[in-house]
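Each remark here refers to the structure printed beneath this line.
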Amino acid sequence: LHNIHIISDMHVDVALKEFLESLTNEATRINYGVALRDFVGSLRHIGQITTEYIQKYRRKIQDKSVPTIAARLSAVKSFCDFCWTKGWISEDPSLGIRQDSVPRYANAKNIEFDDFKKLMNSIDVNKSLMGLRDFALLRLIFIYGDVKKILRLKWTDPIPDKFANTIDTYKKLIKEKLVGVYLENGYLFFSLDAANNKKGLSLSGLRRILTTRTAKAGFPERHFDFEAFKRLRAKQIYEQTKSIDAVRTFCGHKNISATKEFLKTLNVEL
C-alpha cells in the first residue's frame, strides 16, 4: 500500500462540491454528502486521501450496520473514481479496498401476507380512479416482482387474463375522465394529475404512492418496501410449488445456490 502521487493541490471541499453537483439523483446526493463529509473530516487536499487513510476510516465505522458500512464505502469509491477521472490524482486509493463478504439478504425485511392483504383491501377501487390505478400497480408488482417492468408497461401491452378485468376497468375510467387525451402510444401507469401518459410514473413517484397507501392502511411509514413484496411473493411461490427453480426464475437468480441462500432468509423449510 502506498500514498498516491498528487497531480494537483485540489482542495477537498472544492472537489467534493463538484462531485456532489455531478450526481443527478437527489437522494444519492444527500446520502453521499453526509457520508463523504464524515469521511474527509478535516482533510485539506485530495492528495491526503490514501489507501491507508481509507483503511483507517473503515475501522472507524466498523461498529455500524452492514448496509451503512457498504453505503459509505460505496460513496468513498465513487468519489475517488471521480477524482481520478478528473485527473486530480494519478492513482485511485480505493482500488485495494474490498468490502467484507456478507450474506446478501442478512438485513432484508420480511412482511406477513395478512399485512399485504390489509394494504390492498384499504385501497378504494370502486369510486376512485387513482385508487384503481394504485391497486393495479401494487398488485402487478407483487405478482411479477419486477418494478421497472411494470413501470415500463405501455397502454397496448398485453395483460394476463386474471388481471384483464381490473385493467380494462382502469382504462375505461381513464378514457372517461381524461377526455381528449391520446392514450394508445403512451404508458399504462402515469401521473393522473399531469394527465399525460407520454411520461410514465417514475420510481420515486411509485415510492410516494406506496408511502401514501401504507399510511392510509394504518401501518408505520417504512413497514413496506418493494423488496419485501418480492420476498413475500417468492415465499408464496415456494410454499405453493416446493420448487427452488420456480423461485430462481421469479427472482432472476443465475444459479440455484443463490436461490437457496435467499430462501433460507424467508424461514421456509428446504
Side-chain angles (χ1 to χ4, degrees), residues 105 107-155 157-178 183 187-195 197 200-243 246-247 249-252 262-263 265-269:
Y105 309 104
N107 294 279
K109 179 189 297 184
N110 289 324
I111 57 175
E112 299 296 328
F113 192 66
D114 284 349
D115 286 353
F116 177 73
K117 287 193 292 185
K118 181 180 177 182
L119 173 69
M120 300 305 293
N121 289 338
S122 70
I123 302 176
D124 184 356
V125 299
N126 297 313
K127 301 178 181 178
S128 166
L129 171 58
M130 192 168 290
L132 187 58
R133 180 202 64 184
D134 294 354
F135 179 89
L137 257 173
L138 298 181
R139 184 67 175 164
L140 285 171
I141 288 170
F142 171 73
I143 291 298
Y144 294 104
D146 189 338
V147 173
K148 292 182 179 179
K149 176 182 178 181
I150 302 306
L151 290 180
R152 288 195 300 263
L153 281 176
K154 293 299 186 72
W155 187 265
D157 285 343
I159 300 294
D161 289 343
K162 58 183 175 181
F163 295 111
N165 290 337
T166 299
I167 297 300
D168 285 347
T169 302
Y170 166 67
K171 287 183 175 180
K172 181 179 178 181
L173 282 177
I174 288 284
K175 289 179 178 179
E176 290 176 357
K177 293 182 178 291
L178 303 181
L183 300 164
Y187 289 91
L188 180 60
F189 298 114
F190 56 98
S191 171
L192 298 177
D193 294 332
N197 75 330
L201 273 175
S202 65
L203 185 57
S204 60
L206 181 58
R207 289 193 179 111
R208 285 194 292 272
I209 288 173
L210 180 59
T211 298
T212 299
R213 293 300 174 185
T214 297
K216 288 185 176 181
F219 290 102
E221 181 180 358
R222 301 183 185 279
H223 188 75
F224 296 104
D225 59 38
F226 296 118
E227 183 63 27
F229 279 14
K230 185 173 183 177
R231 291 169 62 79
L232 179 61
R233 176 58 175 161
K235 182 178 181 179
Q236 184 184 60
I237 289 172
Y238 183 74
E239 290 177 340
Q240 292 174 348
T241 66
K242 297 301 179 183
S243 169
V247 177
T249 300
F250 170 74
C251 292
F262 174 75
L263 285 170
T265 69
L266 300 182
N267 300 319
V268 297
E269 184 176 344

Residues, nucleotides or ligands: over 12 heavy atoms within 6.0 Å of Lys216 NZ: no

Tell me if the CD atom of Glu176 is crowded by more than 12 foreign heavy atoms within 6.0 Å. yes

If I take atom [atom1] from residue [X] and atom [atom2] from residue [Y], how far apart are they, to the nearest 0.5 angstrom?
{"X": "Ile209", "Y": "Arg133", "atom1": "CD1", "atom2": "CZ", "value": "4.0 Å"}
{"X": "Leu210", "Y": "Thr214", "atom1": "CG", "atom2": "OG1", "value": "4.0 Å"}
{"X": "Asn121", "Y": "Phe135", "atom1": "CG", "atom2": "CZ", "value": "7.5 Å"}
{"X": "Leu192", "Y": "Ser128", "atom1": "CG", "atom2": "OG", "value": "8.5 Å"}
{"X": "Phe142", "Y": "Phe116", "atom1": "CZ", "atom2": "CZ", "value": "5.0 Å"}
{"X": "Arg231", "Y": "Asp225", "atom1": "CZ", "atom2": "CG", "value": "9.5 Å"}

Looking at every non-hydrogen atom in both residues, tell me the closest pair between [X] and [Y] and how far apart they are.
{"X": "Ser243", "Y": "Ala246", "result": "OG-N, 3.0 Å"}
{"X": "Arg233", "Y": "Gln240", "result": "NH1-OE1, 4.4 Å"}
{"X": "Asn197", "Y": "Trp155", "result": "ND2-CE3, 4.3 Å"}
{"X": "Cys251", "Y": "Phe262", "result": "SG-CE2, 3.6 Å"}
{"X": "Leu266", "Y": "Ala234", "result": "CD1-CB, 4.2 Å"}
{"X": "Ala217", "Y": "Lys118", "result": "O-CE, 3.4 Å"}

Worked check of side-chain contact (heavy atoms from CB on, under 4.5 Å) between Leu138 and Ile123: CA-CA 10 Å; Leu138 298 181; Ile123 302 176; 4.0 Å; yes

Backbone of Gly131 reached by a side-chain donor or acceptor of Asp124 within 3.5 Å: no

Can you tell which of Ile174, Ile159, Leu201 makes a side chain to side chain contact (heavy atoms under 4.5 Å, CB included) with Leu188? Ile159

Audit row: Leu137, Ile150, side-chain contact (heavy atoms from CB on, under 4.5 Å) steps and yes/no: CA-CA 7 Å; Leu137 257 173; Ile150 302 306; 3.9 Å; yes

Do Asp157 and Lys154 pass the side-chain contact (heavy atoms from CB on, under 4.5 Å) test, and can you show the C-alpha distance, the side-chain angles, and the key distance before you say yes or no? CA-CA 5 Å; Asp157 285 343; Lys154 293 299 186 72; 3.6 Å; yes

Establish, yes or no, whether a centroid distance under 6.0 Å links the rings of Phe229 and Phe226. yes

Sub-6.0 Å ring centroid separation between Tyr238 and Phe250: no

Side chains of [X] and [Y], heavy atoms from C-beta outward: is any pair under 4.5 Å?
{"X": "Leu129", "Y": "Tyr170", "result": "yes"}
{"X": "Leu178", "Y": "Phe190", "result": "yes"}
{"X": "Leu153", "Y": "Tyr187", "result": "no"}
{"X": "Arg139", "Y": "Met120", "result": "yes"}
{"X": "Leu206", "Y": "Ile141", "result": "yes"}

Quick one: do Lys117 and Asp114 make a salt bridge, cutoff under 4.0 Å? yes

Evaluate Arg213 against Ser122 for side-chain contact (heavy atoms from CB on, under 4.5 Å), listing each step before the verdict. CA-CA 8 Å; Arg213 293 300 174 185; Ser122 70; 5.7 Å; no

